[in-house]
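Down below is the structure, laid out as structure tokens.
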Amino acid sequence: MSLLLIVLLPFIGALFPALMIRVGRNASAAAAFFATSLAFVLLMSHAPALFRGEVLQAGWEWLPGLGLNVNFLLDGLGFFFAALILGIGLLIIVYARYYLSKDDPVGVFYTYLLLFQGAMVGIVVSDNVLLLLIFWELTSLSSFLLIGYWKHLPEGRQGARMALAVTGAGGLAMIAGMLLIGDIAGSYDLSVILQRAESIQASPQYLPALVLILIGCFTKSAQFPFHFWLPHAMAAPTPVSAYLHSATMVKAGLFLMARMWPVLSGTEAWFYIVATTGLVTMTIGAFIALFKDDLKGLLAYSTVSHLGLVTMLFGFGTPMAATAAVFHVLNHATFKAALFMSAGIVDHEAGTRDVRRLGGLMHLMPVTATLAMVAGASMAGLPLLNGFLSKEMMLHEAASTAWLGQGWVLGTAATIAACFSVAYSFRFIAHVFMGPIRKDYPHHPHDPPLGMWIPPAVLVVLVVLIGLFPDTLAGPLVAMVARAVTGGQVLDYHLAQWHGFTPALGMSVVAIVVGTLLIRSYPRVRALWTAGPHPEAKRIFDGLITGAVDIAQRLTHGVHNGSMQRYLAVMLSAMLLLGYFVFASSPNAPGTRALMPASAVAVVGWVLLMGACLALVLMHQQRLLALVVVGVIGLIVSIGFVYLSAPDLALTQISVEVVTVILMLLALNFLPKRSPRESSTVRRLRDAGLAIAAGLGVGGAAWAVMTRDAETLSGYYLEQSVAGGGGSNVVNVILVDFRGFDTFGEIIVLGIAALTIFALLDGLMVSAAGRRLQSWRPDQARAADRHPMMLAVATRAMLPLALMVGIYIFLRGHNVPGGGFIAGLVVAVALIVQYMASGFGWAAHRMKVDYHALIGAGVLVAAATGLGALVAGFPFLTSTVWHLDLPLLGELHIASAMFFDTGVFLVVVGATMLALANLSRLGRHAEHLLVNREPMDVDPSRPSFAAGEH
Amino acid sequence: MNFVVPDFYPAAAEIFVAVMALVIMLSTTFARSIARSLGYFLCQFTLIAAAFITIGTMHGEVSYTFSNMFISDLMGDFLKVMIYFSMAIALLYGRSYLADRNINKPEYYLLAILMTLGMMVMVTSNHMLTMYIGLEMMSLALYALVAFDRDSARSTEAGMKYFVLGALASGLLLYGMSMVYGATGTLEFSGVAQSVYNQAANKPVLLFGLVFLIAGICFKLGVVPFHMWVPDVYQGASTAVTLILATAPKLAAFAMAVRLLIWGLFDIAEQWQTMLMLVAVASIILGNLAAISQPNIKRMLAYSGISHMGFMLLGLLSGVVEGDRHFALNAYSSAMFYAVAYVIMSLASFGMIILLSRAGFEAERIDDFKGLNKRSPWFAAVMMFVMFSMAGVPFFIGFFAKLSVLQAVVAAGYFWIAAVAVVMSVIGAFYYLRVVKVMYFDEPVDTAPIHAPAELRVLLSANGIAIAALGLAPQALMSICAYALLASL
């Protein structure tokens with residue numbers, strides 16, 4: 001419980017400053033300080049147990065299904081980091097109280113700070129890697145808020161975004177790595193994972209997992225080549241830089257390397273990746289730091305360099321190196337936080353952080369100068385200070401480790417880095433505090449109030465004390481942490497200033513001498529640097545982003561250009577590819593069924609069909625012609641049905657064909673005669689290729705099915721048609737009997753569709769589209785005799801005949817080809833022809849039947865037939881057959897289905913007429929033609945007509 | 001042919017919604033003067049009552065009715081409740097938006113209810129034809145909804161594109177179903193499964209059918225290479241419709257995928273997993289890459305939706321590893337959780353666009369979100385929740401969705417897919433963060449005060465809180481997903 005409380009206290013504390021924002025900054029700071037110190041005291045209460053070697057654990061279930069549990073583990077390592085985080089946190093809280101100005105929203109600042117603190121503590125005491133990840137991402141988020149705290153600074157926003165992008169991305173990579181590790185270990189609990197070192201290192205997933213986790217660590221700890229975000233994050237207020245970018249957040253990566261050290265280290269991959277990265281980072285960071293004029297920039301690169309140093313030590317994979325690493329984490333946190341705070345004081349009091357504008361501050365702000373100089377000396381690694389101790393250990397380890405079999409590489413590189421390190425530390429001291437007093441400081445520098453220099457002073461005292469009495473003060477702590485890192489190995493070493501004349505001491509001396517020389521001839525060194533190339537990471541980062549946006553734009557413009565043809569082409573190509581993939585990977589022998597001989601009729605029909613289709617494709621721009629060809633295709637298909645002994649289908653096909661062609665004719669009325677050519681030749685060729693391939697594919701599939709024997713349903717219906725449905729026309733019996741219920745539904749749908757078309761067309765006249773239609777002018781002159789006499793007379797003569805045919809087809813429908821549906825279409829065609837031949841006005845005037853009513857009547861008749869069966873005690877739509885003996889006509893079979901068929905007939909007539917007649921009415925509206933009620937008419941709006949004959 | 005009266009009880013909710021659709025149609029026709037609000041309130045009433053009916057008729061066992069064409073199980077019930085929920089919220093968010101543009105006609109609500117009915121039928125179908133009917137019912141209503149703003153050329157164009165492409169996809173799906181029928185002799189999922197299990201089915205024909213089924217499913221989910229409609233339609237449709245389009249249908253499409261592939265074709269999982277793998281990886285890559293450069297937030301969300309659906313598919317395709325079905329339940333429930341999480345996030349994201357829009361102004365550019373923090377700190381926070389959640393940042397529901405899917409993928413041993421997914425998520429984080437950045441760091445371009453009815457504000461706030469709260473305690477929702485699947489399998 002106490003562990004949970006340690007983690008939760010900062011979060012709870014985060015609530016208060018936000019709430020107390022109006023009370024003032026003292027209250028906010030006090031609340032933050034109180035919460036943190038409570039957590040710190042709680043943590044310290046566990047210290048005795050931990051020093052005894054115990055490990056504290058506590059856990060609750062959260063998402064057991066995902067393996068994510070709130071498990072905490074406090075061992076030496078976690079204790080050490082938690083103490084650093086909370087301890088330095090306390091100092092920062094005090095410091096920030098004095099650093100931030102009255103205008104800054106202080107409550108928000110403390111809220112962010114405590115959120116961050118809680119997340120950091122969460123990282124270091126998590127026992128579950130997934131929980132750790134969550135805290136990890138939380139630190140990225142809260143640091144984003146902290147870096148961007150001064151919203152008015154554009155550098156702050158950019159820096160915040162860059163930091164979040166880099167560390168957040170690293171965190172995501174780490175998720176993948178942790179999932180891999182968890183998968184290998186079988187648990188996401190660290191205490192389990194730490195036991196599985198052997199199986200993890202033996203797994204083939206070890207390398208990807210290692211790389212992914214290290215990406216997370218390196219981004220967080222600003223290791224090369226991800227180091228560039230850290231200097232840009234310096235736009236943050238100094239307390240943030242001091243806290244996040246020296247003592248805590250950037251150490252999270254180091255912490256994780258330490259945590260996973262027993263599991264991941266010791267392999268060649270670990271050594272070469274980690275140690276090399278660390279070495280490169282250490283050297284480059286120290287080198288660049290030497291030439292930074294911004295105090296915080298200098299410290300930032302110095303931090304990068306020191307983080308590299310620790311990384312390299314972990315990379316060596318030896319327990320001794322790990323111990324040195326842990327010790328250096330402690331030392332670096334103390335002197336670097338003190339330095340950042342001093343830099344902040346300088347900035348605060350002198351008004352600038354530019355080294356070139358500073359100097360001689362020792363005389364003006366002696367306290368700050370003393371603190372900064374002691375801490376700076378420790379950073380340089382001068383004897384008697386704590387920085388010297390761990391640096392000696394590092395140099396010793398570097399000198400005694402071989403890299404690619406070469407013993408001198410690491411030692412030399414480390415010495416070079418140490419030279420630069422000494423140089424920039426001296427520059428920090430010499431160019432800021434020493435030298436003569438200048439007259440052009442932006443403010444008048446003087447020592448800050450007590451609250452501002454006490455926090456760094458505490459740290460500097462630690463720097464000195466640890467330097468003087470390392471074994472007494474830091475020894476037990478370092479030993480405990482090292483035990484936790486290395487998995488309980490006990491090492492024989494002691495921390496001391498003097499180890500005799502060792503190679504490490506020699507290297508230190510070289511570093512100090514060279515560093516001093518470098519700084520003495522700084523202008524010349526600087527000139528050399530200025531002459532060299534400066535790859536600016538920010539520019540590369542921005543370039544990467546611009547590049548990505550560029551690719552994205554090209555991708556979207558290239559693929560998603562809004563062209564539907566292209567979308568269709570992509571879809572079809574995908575289908576073809578997938579289809580081919582299946583075809584190629586499955587046995588694709590042709591079927592075994594014997595093929596029928598191709599008769600002459602079939603061949604002719606086939607050639608006709610192909611020719612018509614081809615003609616349609618070629619002539620589709622002439623719309624009227626295309627329509628004619630469509631009609632031809634339909635006719636050939638109907639003939640095909642006749643040939644294949646499906647007269648019913650043929651009849652249906654023909655009538656549907658006629659009705660659709662008429663419909664399209666009516667619609668063509670509103671369109672230009674020709675469609676323009678809109679696509680390029682290349683695209684047409686592409687489309688042709690796709691169409692041919694898709695057609696062949698579908699054809700092939702049909703071929704494959706038809707050449708195999710298959711059982712069909714037709715047998716059942718053929719047998720049952722007369723017995724069950726009382727009719728010998730199977731198709732009709734299926735429609736009105738077997739599937740009568742479906743047909744009932746279908747005629748209702750047909751009726752609704754017709755009503756909808758009516759409603760749409762009717763509503764069209766009053767909408768915006770209607771207004772457009774009103775002002776529409778036909779693109780060409782029409783013939784003067786709108787309704788040619790020949791056509792009018794012929795259709796009128798044919799009307800009774802056509803109606804008779806309709807009734808005939810209806811009556812015979814149940815037993816031979818025909819039926820209500822076809823009859824309905826035939827009658828509808830006969831009627832619609834009247835509209836076309838003699839004009840809407842003329843026909844509508846004479847057509848007394850209301851089509852709406854016709855549809856309604858049809859549905860009602862069909863329903864009544866069905867209900868009749870229900871009344872007679874049978875289920876809905878059960879059919880019966882009556883046998884009547886009529887005079888003259890003889891015996892007559894009447895199936896109840898016939899009444900049902902009447903309903904179908906009525907609905908089909910009504911629906912077709914309603915739709916088509918109204919479409920033709922629309923044409924009349926659009927053309928502004930007068931309605932002529934005379935039986936024979938020519939266009940009454942024509943001037944010759946108006947003037948002459950009337 | 002004997003007519004057996006089916007058991008109507010399991011389909012009570014569907015029947016109720018169907019009847020209510022008719023009621024809405026007729027009542028709004030006759031009560032012209034109050035038709036607009038009447039349509040809306042009847043619609044909401046239907047959804048809420050349907051939720052009660054579904055929950056009331058829910059029981060742990062699987063039951064069939066309508067000659068086994070209809071199945072009632074816990075998975076279906078859960079998804080149906082989620083569908084009502086998301087439809088109700090979507091309609092509520094969209095109400096003022098539609099009124100501002102004078103397109104809040106009663107037909108809108110009728111179409112929404114018919115679409116809901118279609119989705120319900122999809123979710124509860126146990127037969128390919130039922131599935132197809134449900135799908136068409138949903139799609140036809142959606143086509144009409146997309147083109148609902150008839151006087152907007154963009155909306156009509158979007159409707160047209162959606163219709164043509166959708167019709168082609170439906171055709172492909174139907175073709176696939178006919179092939180499956182040819183191979184197995186049945187259209188009922190359990191029958192298909194039986195036939196495949198007994199190896200009685202003609203394998204090549206079955207696989208061809210599978211290809212077409214996958215195409216149909218992928219079109220509805222909007223994943224590569226059947227995603228082409230998504231950006232254009234999302235952008236073209238009015239935001240209230242996009243909101244509907246981007247939420248509930250994804251759940252229905254998920255149900256379709258589960259029923260067709262897992263219920264019906266589980267025994268050829270290896271084959272469809274391979275196909276889905278290509279589809280999913282391509283979607284994640286394309287969706288995230290393309291989203292980066294979008295200045296239009298609706299379009300950006302469209303691309304992000306493509307990648308999210310790809311992510312969801314990762315869960316579906318990690319069920320069977322070399323014949324080992326041990327991980328199946330985990331993988332499928334992670335996919336379901338992902339789909340549900342996506343719907344919740346999607347609701348909030350489009351809700352935010354609606355919130356910032358007003359009569360004559362569409363807040364659909366990312367620039368319109370600039371400086372939102374200054375205009376309304378709370379809604380800036382809500383949008384930040386949504387963006388963080390979509391990016392997969394911890395303590396939001398999106399993180400757990402991603403995490404559970406990734407776990408399933410890793411458990412199935414598809415390490416490279418996990419790596420691709422993670423890398424692309426990183427890229428994805430970039431464009432989500434851009435929105436957060438402009439909200440918090442930029443100066444507002446649009447300085448008009450936010451006008452929105454109280455219910456929109458309250459529910460949108462609740463939606464944002466839900467994203468965060470479910471991120472803190474996702475256990476319940478996850479267990480429901482797992483339990484619903486377990487009880488239904």
Side-chain angles (χ1 to χ4, degrees), chain A residues 62-63 65-68 130 133-134 137-138 141 148 151 157 161 164-165 168-169 172-173 175-176 179-180 183 205 208 212 545 548-553 555-556 559-560 562 564 566-568 570-571 573-575 578-579 581-583 586-588 701 704-705 710-711 724 738 767-768 875-876, chain B residues 1-3 150-151 160-161 164-165 168-169 172 179 182 203-205 207-208 210-212 214-215 225-226 228-229 231-232 275 286 289-294 388 392-395 399-400 403-404 406-407 410-411 415 418-419 422-423 425-427 429-430 433 437 440-441 474-475 478-479 482:
Chain A
W62 185 12
L63 295 174
L66 289 183
L68 170 53
L130 296 179
L133 276 171
I134 289 176
E137 292 286 323
L138 266 188
L141 281 183
K151 287 176 190 155
R157 300 190 314 222
R161 209 168 135 212
L164 183 58
L172 284 171
I175 291 183
L179 286 178
L180 285 180
D183 192 51
Q205 271 87 53
L212 287 167
I545 287 179
V549 172
D550 202 42
I551 291 174
Q553 235 149 20
L555 187 74
T556 37
V559 184
H560 297 173
M564 196 168 70
R566 173 162 301 182
Y567 297 175
L568 281 170
V570 168
M571 272 176 78
S573 319
M575 284 316 301
L578 277 175
F581 172 65
V582 172
F583 175 74
S586 58
N588 42 31
V705 170
E711 218 176 296
F738 291 123
S767 70
F876 189 64
Chain B
M1 301 232 86
N2 282 328
F3 189 77
R150 273 203 298 192
D151 294 331
M160 174 73 185
K161 279 182 185 164
V164 172
L165 297 171
L168 179 66
L172 293 177
M179 284 193 176
K203 195 83 179 277
V205 178
L207 289 184
F208 268 112
L210 176 67
V211 170
F212 288 99
I214 297 245
F226 305 98
M228 313 288 283
W229 60 276
D232 287 5
M275 293 182 208
L286 183 129
L289 278 185
I292 296 176
S293 69
Q294 301 306 324
F388 278 163
V393 168
F395 285 140
F399 168 75
F400 291 101
L403 183 67
S404 59
L406 278 178
Q407 273 192 353
V410 168
F415 300 111
V422 164
V423 169
S425 302
V426 171
I427 293 177
F430 175 79
L433 288 179
K437 183 216 142 208
Y440 279 88
F441 294 148
Q475 182 62 38
M478 271 183 191
S479 317

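Heavy atoms only: backbone and side chains are in, while hydrogens, waters and symmetry mates are out. Chain identifiers are assigned alphabetically (A, B, ...) following the order of the sequence lines, protein sequences preceding nucleic acid strands; residue numbering begins at 1 within each chain.
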Atom group of [X] that falls short of 4.5 Å from chain A, counting heavy atoms:
X: B:F212; result: both
X: B:P231; result: side chain
X: B:L165; result: both
X: B:K437; result: side chain
X: B:L286; result: both
X: B:V205; result: neither
X: B:A290; result: both

Completion exercise
Applying side-chain hydrogen bond (donor to acceptor under 3.5 Å, both in side chains) to A:E137 and not counting sequence neighbours gives none
Problem - Engaged part of A:L68 at the chain B interface, taking heavy atoms whose separation is under 4.5 Å - result: side chain
Handout entry: Engaged part of A:I175 at the chain B interface, taking heavy atoms whose separation is under 4.5 Å
Key = side chain
Exercise for the section: Report yes if some heavy atom in the side chain of A:Y567 is under 4.5 Å from a heavy atom in the side chain of B:V164; otherwise report no. Expected result: no
Problem - Validation row: B:L207, B:L210 side chains within 4.5 angstrom (heavy atoms) - result: yes
Which of [options] touches chain A most, by non-hydrogen pairs under 4.5 Å:
options: B:A419, B:A169, B:A291, B:P474; result: B:P474
options: B:W229, B:F208, B:F388; result: B:F208
options: B:I292, B:L433, B:D232; result: B:D232

Practice task
Please test B:L403 against A:L179 for side chain to side chain contact (heavy atoms under 4.5 Å, CB included), starting from the C-alpha separation and ending with a verdict.
Solution key: CA-CA 9 Å; B:L403 183 67; A:L179 286 178; 4.0 Å; yes
Handout entry: For the student: nearest non-hydrogen atoms of B:F399 and A:I134, plus distance
Key = CE2-CG1, 3.6 Å
Fill in the blank from the handout: For B:V422 and A:A176 the tightest heavy-atom approach is CG2-CB, 3.6 Å
Problem - Atom CE of A:M564 with >12 non-hydrogen neighbours under 6.0 angstrom - result: yes
Exercise for the section: With sequence neighbours excluded, tell me which residues meet ring-ring contact (aromatic ring centres under 6.0 Å, His included) with B:F226. Expected result: none
